[in-house]
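Naming: A, B, ... by sequence-line order, numbering from 1 per chain.
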Amino acid sequence: MRVMTWNINSVRLRAPLLAELVKHSAPDVVCLQETKTPDEHFPREVLEKLGYPHIAFVGMKGYNGVAILSKFPLEDIRTFPRCLKEDCRHIAAKVMQDDKTAFDIHNLYVPAGGDKPDPVINDKFQHKLDFVDELSEFFPKHHANDEPMIVVGDLNIAPLENDVWSHKQMLKVVSHTPVEVEKLNDFYRSMGWIDAVRHFVPDEEKLYSWWSYRARDWEASDRGRRLDHIWVTDPLKEKLKSQQVLKTVRGWERPSDHAPVIIDIDM
DNA sequence: ATGGTGGTCCTACCA
């Protein structure tokens with residue numbers, strides 16, 4: 001079972017890139033963030049033809065939006081308004097294999113949080129902190145950690161020192177500030193999640209999934225951050241087989257600023 | 001300290 005997560009930054013603009021990507025990597029389940037498309041304009045038929053007959057999505061005009069594409073049937077599709085907003089940042093479904101639930105998958109797009117890492121003067125940062133708090137409460141309340149579950153998405157936080165190009169220079173930059181890293185760690189501990197990518201890549205090793213559009217040469221400067229994550233609950237831990245961060249996709253023509261992240265699970 | 005690029009959709013807003 002191959003699960004991929006990718007912040008696609010407009011599903012309509014980059015459907016051709018997605019086609020190329022799935023031809024190369026053949027994921028069974030694809031979770032997309034920042035689809036930036038209202039439901040009535042979601043390119044369902046185009047994505048079905050890529051080999052994904054089962055699709056769940058929720059979107060809005062211009063911003064946000066998440067989708068799950070699957071080769072396996074999806075059941076119990078849920079969307080969650082969070083922080084008293086209808087902003088299309090959380091969708092979940094059960095992935096079915098042989099008429100049984102293989103796992104419950106949650107696809108998240110955590111608010112980026114604006115520029116200033118101060119919740120008093122920057123309500124986008126407050127929203128980000130509240131959003132992660134809400135997740136820490138939600139999961140233990142509605143799920144048990146002996147359920148096979150996967151959380152994926154653009155969490156917009158790089159928690160480890162080697163999830164950013166310079167830990168010291170990033171401490172006051174939104175995505176790596178201690179307050180939001182601590183919030184993410186609370187969420188991480190809330191279900192005893194396992195970071196499926198760091199399961200294979202030692203914490204001492206630099207690993208990024210995002211490079212800014214603003215760099216003159218993103219690859220040469222390599223000032224990346226690991227914002228995109230795949231976490232699993234304990235029942236899936238021993239089934240984890242491998243991980244990939246597809247950095248080359250960041251170098252394709254008209255790319256997303258995020259690279260796709262893949263996990264293989266022995267199901 | 002600043003601005004750098006890109007997507008959506010027309011004027012800023014968000015990342």
Side-chain angles (χ1 to χ4, degrees), chain A residues 5-21 31-43 46-47 57-67 81-90 107-119 121-132 152-158 163-166 168-177 180-181 183-184 208-229 247-261:
Chain A
T5 179
W6 189 31
N7 179 320
I8 192 169
N9 190 14
S10 174
V11 70
R12 283 181 287 181
L13 188 70
R14 277 184 252 283
L17 248 60
L18 181 61
E20 195 62 26
L21 180 57
C31 292
L32 302 173
Q33 303 86 35
E34 283 206 85
T35 53
K36 293 187 172 176
T37 306
D39 293 347
E40 62 270 27
H41 295 135
F42 191 89
V46 174
L47 303 188
F57 55 89
V58 62
M60 58 194 274
K61 189 172 169 179
Y63 309 112
N64 311 333
V66 283
R82 298 232 157 272
C83 302
L84 307 173
K85 294 170 192 278
E86 299 281 339
D87 58 357
C88 309
R89 294 175 179 274
H90 184 178
N107 181 12
L108 299 169
Y109 175 50
V110 172
D115 284 333
K116 298 222 180 337
D118 179 349
I121 58 166
N122 173 11
D123 38 0
K124 289 185 208 149
F125 195 66
Q126 183 68 60
H127 179 210
K128 182 180 201 175
L129 300 179
D130 290 345
F131 192 99
V132 179
V152 311
D154 177 2
L155 305 185
N156 265 315
I157 299 171
D163 290 342
V164 293
W165 64 279
S166 165
K168 205 177 156 206
Q169 285 175 262
M170 288 287 297
L171 280 168
K172 290 180 176 168
V173 177
V174 170
S175 70
H176 193 63
T177 65
E180 58 192 307
V181 167
K183 292 283 186 202
L184 191 71
Y208 317 134
S209 65
W210 174 90
W211 292 261
S212 172
Y213 283 128
R214 295 175 191 176
R216 277 197 197 91
D217 184 336
W218 70 275
E219 198 167 16
S221 60
D222 199 26
R223 296 187 168 192
R225 308 176 195 173
R226 191 171 72 105
L227 304 179
D228 303 274
H229 301 271
K247 186 177 175 180
T248 53
V249 175
R250 179 64 180 80
W252 287 3
E253 205 173 325
R254 288 260 262 172
S256 164
D257 44 354
H258 294 254
V261 180

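- Atom CG of A:D115 is separated from atom P of B:dG4 by 15 Å (rounded to the nearest Å).
- The nearest whole Å value for the distance from the CZ atom in A:F131 to the P atom in B:dA15 is 12 Å.
- When the C1' atom is used for both B:dC14 and B:dC10, the distance is 15 Å, rounded to whole Å.
- In this structure, the side chain to side chain contact (heavy atoms under 4.5 Å, CB included) partners of A:P38, at least two apart in sequence or on a different chain, are A:R12, A:E40, A:H41, A:K61.
- If you measure from atom NZ of A:K116 to atom C1' of B:dC14, you get 16 Å, rounded to the nearest angstrom.
- Comparing B:dC13 with B:dA1, their C1' atoms sit 23 Å apart, to the nearest whole Å.
- For the pair A:D257 CG and B:dG4 C1', the interatomic distance rounds to 14 Å; values are reported in whole Å.
- Rounded to whole Å, the separation between the P atoms of B:dC9 and B:dT5 comes to 22 Å.
- Consecutive Watson-Crick or G-U pairing (both distances under 3.5 Å) extending over three or more pairs maps onto DNA chain B as B:5-8 with B:12-15.
- A:E34 places no side-chain N or O within 3.5 Å of a backbone atom of A:I8 that could act as its donor or acceptor partner.
- Here OG of A:S175 is found 12.0 Å from CG of A:L155. Values are rounded to the nearest 0.5 Å.
- Side-chain atoms of A:H229 come within 3.5 Å of backbone N or O of A:I157 as a donor-acceptor pair.
- Here B:dA15 presents its C1' atom at 14 Å from CG of A:D87, a figure rounded to the nearest Å.
- Identified under the salt bridge (charged side-chain N to carboxylate O under 4.0 Å, His left out) test for residues 214-226 of chain A, with sequence neighbours left out: A:D163-A:R226, A:D195-A:R226, A:D222-A:K247.
- Here the P atom of nucleotide B:dC14 and the CG atom of A:N64 are 10 Å apart, to the nearest Å.
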request  = Any chance you could list the contact pattern along nucleotides 5-13 of chain B? Use B for base contacts, S for sugar-phosphate-only contacts and - for none, protein heavy atoms under 4.0 Å, 5' to 3'.
outcome  = BSSSS---B

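- Rounded to whole Å, the P atom of B:dG6 lies 23 Å from the corresponding atom of B:dT2.
- Applying the side-chain contact (heavy atoms from CB on, under 4.5 Å) test between A:E180 and each of A:N156, A:V110, A:L129 identifies A:L129 as the sole match.
- A:F42 CZ to A:L47 CG: the interatomic distance, rounded to the nearest 0.5 Å, is 5.0 Å.
- Considering only side-chain N and O atoms, A:R89 lies nowhere under 4.0 angstrom from the phosphate OP1 or OP2 of B:dC14.
- Every residue meeting the side chain to side chain contact (heavy atoms under 4.5 Å, CB included) condition with A:P111, not counting sequence neighbours, appears here in chain and number order: A:R89, A:H127, A:K128, A:F131.
- Shown here are the side-chain hydrogen bond (donor to acceptor under 3.5 Å, both in side chains) partners of A:W210, two or more places apart in sequence or in another chain: A:D257.
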